[in-house]
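Written out below as structure tokens is the structure these notes cover.
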Amino acid sequence: MFSKRIDRISESATLAMTAKAAELRESGINVINLSVGEPDFPTPDNIRRAGKLAIDNGHTKYTPGGGTLNLKKAAALKMERDNNLHYDPQDILISCGGKHALYNACQVLFQAPDEVIIFSPYWVSFPDFVSVTGAKPVFVNTNPNNQFAPDFNDLKNKISNKTKGIIINSPSNPTGGVWDDETIIKVLTIAKEINAWVFSDECYEQLTYDAPFKSIASLDNTNHQILTFQSCSKTYAMTGWRIGYTAGNKDVIKAMGKLQGQSTSCPNSIAQAAAIEALTGDQKQVSIMKKVFKKRRDYIITRLNSMPNVNCAIPGGAFYVFPDFSTHINNSNILSTANDLAMYLLEKKAVVSVSGDAFGAAGHLRFSYAASDENLKNGMDLLEDTLNEI
Ligand code: PLP
């Protein structure tokens with residue numbers, strides 16, 4: 001009945017865990033959800049007010065398919081201010097979240113028999129974005145002891161004459177890894193040599209804790225095959241508003257706009273008005289959230305690394321940790337995979353995590369620290385109990 005296209009993709013594992021947590025909560029269980037991929041803060045006041053004002057002022061109709069000119073100008077200003085990137089509004093496309101932007105870009109650039117490099121562990125959606133186009137995701141290993149930077153020998157081995165794109169996500173979901181400039185420049189050099197498109201998914205750009213963030217395109221302003229993807233979701237706690245944007249090559253932006261016009265028409269008009277305030281208004285809340293996340297990162301890393309045989313390098317950004325439980329799983333009589341461990345935590349302890357299997361990393365679990373201090377403490381206590389039981 002279904003097209004081959006739909007059979008090439010699978011359900012998002014992270015959204016599936018979120019649904020499972022909601023189910024348990026509805027049945028009256030006090031769930032500790034450490035699987036969440038969104039800030040546990042409300043959208044800042046000034047942004048909410050801008051949304052309300054947009055409704056009252058009648059910004060409730062279709063906008064241009066690729067977003068309003070005012071929001072494109074705001075995104076250009078923001079990238080100039082924060083990222084040292086210089087884009088005109090026509091180099092920018094507004095989409096229904098960063099996910100939509102990345103999906104569209106894959107659709108307009110990739111097809112069979114193209115190959116697209118994805119660094120493993122990867123965000124769950126990257127392989128599906130690529131597969132649905134008919135192109136092939138090709139996975140490259142990374143080094144957990146160096147912020148999950150690429151294994152360059154593996155990268156060189158995996159490049160072929162079919163390689164059309166390379167997807168970078170620093171800070172990363174699920175690892176929190178942040179690549180240093182030298183690493184990024186090395187990847188950009190390789191990409192240029194083989195004429196590949198570079199996708200830089202920068203949705204966690206404001207959440208780096210140990211070094212200031214540098215947008216990848218700012219490291220080589222002569223490469224016109226870099227597409228930058230940013231989003232209001234994580235930076236401004238606006239996940240439900242669904243606003244993300246792409247900046248880069250005009251022709252690609254135009255093609256993405258054409259696809260968008262024939263699929264979603266336009267991003268939500270009210271959310272677009274609020275996003276202008278997010279990008280150009282008071283940025284105080286961004287640094288407040290970042291400070292809280294850093295404190296929680298330090299707490300959860302200390303807890304994890306104090307557990308016997310748990311190994312978790314300190315991630316430089318985002319709000320995830322990605323510890324390795326291989327030793328526990330290999331020595332267990334009752335569990336054999338990270339999936340089993342995630343299910344045990346869920347069913348016996350009501351702690352929600354996401355199995356590393358979903359991100360291409362057996363033996364790992366992803367915990368999000370976008371959760372209250374109390375939930376983090378209780379979640380880590382229950383994890384410790386679990387590791388003693390299995
Ligand atoms: N990219 C990464 C790495 C993510 O983790 C997410 C969300 O979880 C997104 C993109 C998409 O976010 P949004 O569509 O809300 O902008």
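Indexing begins at 1, ligand by ligand and atom by atom, following the structure's order.
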Exactly one of Phe110, Trp123, Phe199 clears side chain to side chain contact (heavy atoms under 4.5 Å, CB included) with Phe129, and that residue is Trp123

Passing candidate, side chain to side chain contact (heavy atoms under 4.5 Å, CB included) with Cys312, options Asp324, Thr175, Val321:
Val321

Going by the order shown, which atoms of ligand 1 are within less than 4.0 Å of some heavy atom of [X]?
X	value
Ser231	13 (P), 16 (O)
Ser233	13 (P), 15 (O), 16 (O)
Gly97	14 (O), 16 (O)
Asn169	3 (C)
Gly98	13 (P), 14 (O), 16 (O)

Under a 3.5 Å cutoff, is there a donor and acceptor pairing between the side chains of Ser131 and Asp128?
no

Looking only at side chains, do Tyr245 and Tyr87 share a donor and an acceptor under 3.5 Å apart?
no

Does Gly244 reach ligand 1, in the sense of a heavy atom lying below 4.0 Å from it?
no

Ligand 1 contacted by Phe229 (non-hydrogen, < 4.0 Å):
no

Which option wins on minimum heavy-atom distance to atom 2 (C) of ligand 1: Ile167, Asp201, Asn173, Val124?
Asp201

Measure from atom 5 (O) of ligand 1 to every heavy atom in Tyr122, Tyr204, Tyr245, Tyr103 and give the option owning the shortest one.
Tyr204

Do the side chains of Arg303 and Glu384 get close enough for a salt bridge, i.e. N-O under 4.0 angstrom?
yes

Considering only the protein, which heavy-atom contact is closest to atom 9 (C) of ligand 1, and what is its distance?
Trp123 CH2, 3.4 Å

Flag yes if Leu365 and Val354 sit in one hydrophobic cluster, no otherwise; membership is Ile, Leu, Val, Met, Phe, Trp, Tyr, and two members link when side-chain heavy atoms are under 4.5 Å apart.
no

Report the part of Arg242 (side chain from C-beta onward, or backbone N, CA, C, O) that has a heavy atom under 4.0 Å from ligand 1; answer both or neither where that applies.
side chain

Ligand 1 contact on Lys234 by region, counting heavy-atom pairs under 4.0 Å
side chain

Per salt bridge (charged side-chain N to carboxylate O under 4.0 Å, His left out), Asp91 is matched among Lys72, Lys250, Lys254 by Lys250

Please work out which of the three classes, parallel, tilted or perpendicular, describes the rings of Tyr122 and Phe139, given edges at 30° and 60°.
parallel

